[in-house]
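Scroll down for the structure; my scribbles are underneath it.
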Amino acid sequence: MDISSALAAVSTGDALKQAVGITLLSKVQDTQAAQAAVMLQDFAAAQHPNLGKTLDIRI
């Protein structure tokens with residue numbers, strides 16, 4: 001999601017645009033945090049259960 005328009009609205013002098021921009025930025029941050037949490041859960045679920053517990057070395 002592109003947040004440049006939200007950041008531009010926050011930096012302008014119009015109070016309504018600032019309020020909308022701040023709200024939009026907050027929603028974008030919430031969405032990104034939720035997506036990151038799902039990504040980490042999926043990554044953890046995809047790991048092999050024995051990963052890092054044993055080391056197989058053949059010479």
Side-chain angles (χ1 to χ4, degrees):
M1 198 172 210
D2 185 26
I3 62 169
S4 61
S5 60
L7 291 174
V10 170
S11 64
T12 63
D14 188 3
L16 179 59
K17 285 185 180 180
Q18 283 180 346
V20 171
I22 290 170
T23 303
L24 179 61
L25 185 59
S26 176
K27 296 290 183 185
V28 168
Q29 288 174 335
D30 292 344
T31 301
Q32 288 177 341
Q35 288 173 343
V38 169
M39 182 182 66
L40 289 173
Q41 287 173 351
D42 290 346
F43 178 75
Q47 300 305 304
H48 192 274
N50 294 326
L51 186 66
K53 295 181 181 175
T54 61
L55 180 61
D56 294 333
I57 300 176
R58 293 184 185 177
I59 299 176

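The CG atom of Asp30 lies 11.0 Å from the CD atom of Gln35; values are rounded to the nearest 0.5 Å.
For Leu16, the side-chain contact (heavy atoms from CB on, under 4.5 Å) partners two or more places apart in sequence, or in a different chain, are Asp14, Val20. When the side-chain contact (heavy atoms from CB on, under 4.5 Å) test is applied to Gln47, the partners found at least two apart in sequence or on another chain are Phe43, Leu51.
A donor-acceptor pair under 3.5 Å is formed between the side chain of Thr31 and the backbone N or O of Lys27.
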